[in-house]
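Data first, discussion second: the structure below is written as structure tokens.
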Amino acid sequence: PWDDDIDVYMPRKDYDKLLEMQMPDGFQVRSLKDKGYWAPFAKWINSNTTLWEEKSQPVIIGVYIDLFVLDEAGDEAQSQMKVVDQAARNFRRACTHWSWIDVWDKAKGLHPMGFFRLFLDKIWYSKNIDRYTEDLKKAQHLAMQGSGDYLVSYNGPYQNREIYRKEWFDSVVRLPFEDFSVNVPVGYDAYLKQLYRDYMQFPPEDKRQTTHSHYYLNLDKGMTMEEVLREINN
């Protein structure tokens with residue numbers, strides 16, 4: 001009851017098919033296939049809006065819904081999760097573009113190891129983004145070869161808690177979200193307890209903040225990076 005958005009899960013064959021499809025006017029799907037894209041999963045994007053999420057990741061998209069793929073897996077799921085998760089962490093660091101001023105400002109008050117990580121992001125990871133993109137693609141490709149009793153979202157934020165029993169997704173039921181209804185997995189209760197424990201308990205008031213960033217947001221039109229920078233500078 002306290003979530004602020006909808007995420008979409010898709011079986012691998014449907015996810016791959018979607019990435020090859022021509023989108024309707026006003027929409028696009030962005031994924032690792034798109035140069036400069038920074039997320040290890042795809043997003044369905046409203047092209048008639050403008051969103052720049054993080055200052056350190058200078059990529060313009062629009063308001064979106066996250067698209068997560070579900071891969072079949074057996075007992076190897078946890079070990080494979082570690083491989084994909086590490087590759088995704090490296091990839092995200094490579095997609096971060098700090099100026100030296102940003103590095104200096106963010107380093108103030110940081111533990112020396114925190115500063116060292118920022119320094120590495122600047123001088124190593126961002127310079128080798130092609131390498132870390134390919135590493136992530138290879139890890140994802142290896143993960144999709146599995147079979148067994150589980151469905152796994154390898155690029156979700158909860159690591160091993162995103163290894164699900166296959167029967168939770170055998171069918172769907174419709175449940176309300178705000179003023180409409182959506183399809184959710186028939187095993188939604190077990191799924192939500194695995195991810196969030198007591199999911200009916202609201203977070204403390206000081207924790208009721210969105211995790212979604214918006215460095216720049218325009219809900220009225222799609223804009224280029226040049227247009228956004230011009231508006232910010234003005």
ask   = Does any non-hydrogen side-chain atom of D66 lie less than 4.5 Å from one of K43?
value = yes
ask   = By salt bridge (Lys or Arg N to Asp or Glu O under 4.0 Å), which residues pair with D5, not counting sequence neighbours?
value = none
query = Do I65 and W38 sit in the same hydrophobic cluster, where Ile, Leu, Val, Met, Phe, Trp and Tyr count as joined when their side-chain heavy atoms come under 4.5 Å apart?
reply = no
task = Show your reasoning for whether side chain to side chain contact (heavy atoms under 4.5 Å, CB included) applies to Y191 and Y199.
result = CA-CA 10 Å; Y191 164 91; Y199 64 90; over 6 Å; no
request  = Take V63 and L217, measure what side chain to side chain contact (heavy atoms under 4.5 Å, CB included) needs, and give me the verdict at the end.
outcome  = CA-CA 9 Å; V63 176; L217 175 66; 4.2 Å; yes
query = If two hydrophobic side chains count as joined below 4.5 Å and joins carry through other members, does L219 share a cluster with I6?
reply = no
note = Of R93, R92, Q86, the one forming a side-chain hydrogen bond (donor to acceptor under 3.5 Å, both in side chains) with N90 is Q86
task = Would you please test H141 and Q145 for side chain to side chain contact (heavy atoms under 4.5 Å, CB included) and show each step?
result = CA-CA 7 Å; H141 182 75; Q145 309 302 315; 3.4 Å; yes
Separation between CG of L70 and OH of Y9, rounded to the nearest 0.5 Å = 6.5 Å
query = Would you call the rings of F41 and F68 parallel, tilted or perpendicular, where under 30° means parallel and over 60° means perpendicular?
reply = tilted
key: Distance in Å, T49 OG1 paired with Y64 OH, rounded so as to fall on 0.5 Å steps   = 11.0 Å
Any side-chain heavy-atom pair of I232 and Y215 under 4.5 Å = yes
task = Decide yes or no for Y15 and M144: does some side-chain heavy atom of the first lie under 4.5 Å from some side-chain heavy atom of the second?
result = no
task = Indicate yes or no: at least one non-hydrogen side-chain atom of R197 is less than 4.5 angstrom from one of R161.
result = yes
ask   = Would you find more than 12 non-hydrogen atoms of other residues, nucleotides or ligands less than 6.0 Å from D198 atom CG?
value = yes
inquiry  = Please give me the minimum heavy-atom distance between W52 and I60, naming the atom from each residue.
reply    = CB-CD1, 3.7 Å
inquiry  = Check whether E72 reaches the backbone of G146 with its side chain - one donor and one acceptor, N or O, closer than 3.5 Å.
reply    = no
inquiry  = If you count heavy atoms of other groups shown closer than 6.0 angstrom to OH of Y150, is the number above 12?
reply    = no
task = Return yes if a side-chain donor-acceptor contact under 3.5 Å exists between D121 and T96, otherwise no.
result = no
task = Supply the atom-to-atom distance Q80 CD to D75 CG, rounded to the nearest 0.5 angstrom.
result = 13.5 Å
query = So, does Q194 use its side chain to make a donor-acceptor pair with the main chain of I163 at under 3.5 Å?
reply = yes
remark   = Residues D34 and V29: closest non-hydrogen pair is OD2-O, 3.9 Å
key: Where S126 and H97 come nearest, the two heavy atoms and their spacing   = CB-ND1, 4.2 Å
key: Side-chain heavy atoms of Y154 within contact of L142, under 4.5 Å   = no
note = To the nearest 0.5 Å, atom CG of L51 lies from atom CD1 of I61 at 5.0 Å
Worked verdict on K35 versus D130 for salt bridge (Lys or Arg N to Asp or Glu O under 4.0 Å) = CA-CA 9 Å; K35 192 169 182 62; D130 290 342; 3.5 Å; yes
Side chain to side chain contact (heavy atoms under 4.5 Å, CB included) evaluation trace for V69 with M10 = CA-CA 5 Å; V69 64; M10 303 184 73; 5.7 Å; no
task = Kindly work out whether a path of hydrophobic side-chain contacts (I/L/V/M/F/W/Y, heavy atoms less than 4.5 Å apart) joins W168 to V172.
result = no
query = In terms of side-chain geometry, is the basic nitrogen of D85 or R89 positioned less than 4.0 Å from the acidic oxygen of its partner?
reply = yes
Separation of C95 SG from Q57 CD (nearest 0.5 Å) = 6.5 Å
ask   = Is there a side-chain contact between L32 and Q140, using heavy atoms and a 4.5 Å cut-off?
value = yes
Y164-E162 side chain donor-acceptor pair, cut-off 3.5 Å = yes
key: Nearest heavy-atom neighbours spanning G36 and V59   = O-CG2, 3.1 Å
From Q209 atom CD to D4 atom CG, the distance as rounded to the nearest 0.5 Å = 11.5 Å
note = Residues M23 and F27: closest non-hydrogen pair is CB-O, 3.3 Å
request  = Say whether Y196 and F177 are linked into one hydrophobic cluster, either directly or through other cluster members, by side-chain heavy-atom distances under 4.5 angstrom.
outcome  = yes
Atom of N218, atom of K221 and distance for their closest heavy-atom approach = OD1-N, 3.3 Å
task = Tell me whether L195 is reachable from M200 by hopping between hydrophobic residues (I, L, V, M, F, W, Y) whose side-chain heavy atoms are closer than 4.5 Å.
result = yes
task = Decide yes or no for Y216 and M223: does some side-chain heavy atom of the first lie under 4.5 Å from some side-chain heavy atom of the second?
result = yes
ask   = How about Q78: does its CD atom have over 12 heavy atoms from other parts shown lying under 6.0 Å from it?
value = no
Minimum side-chain heavy-atom gap H214-H212 below 4.5 Å = no
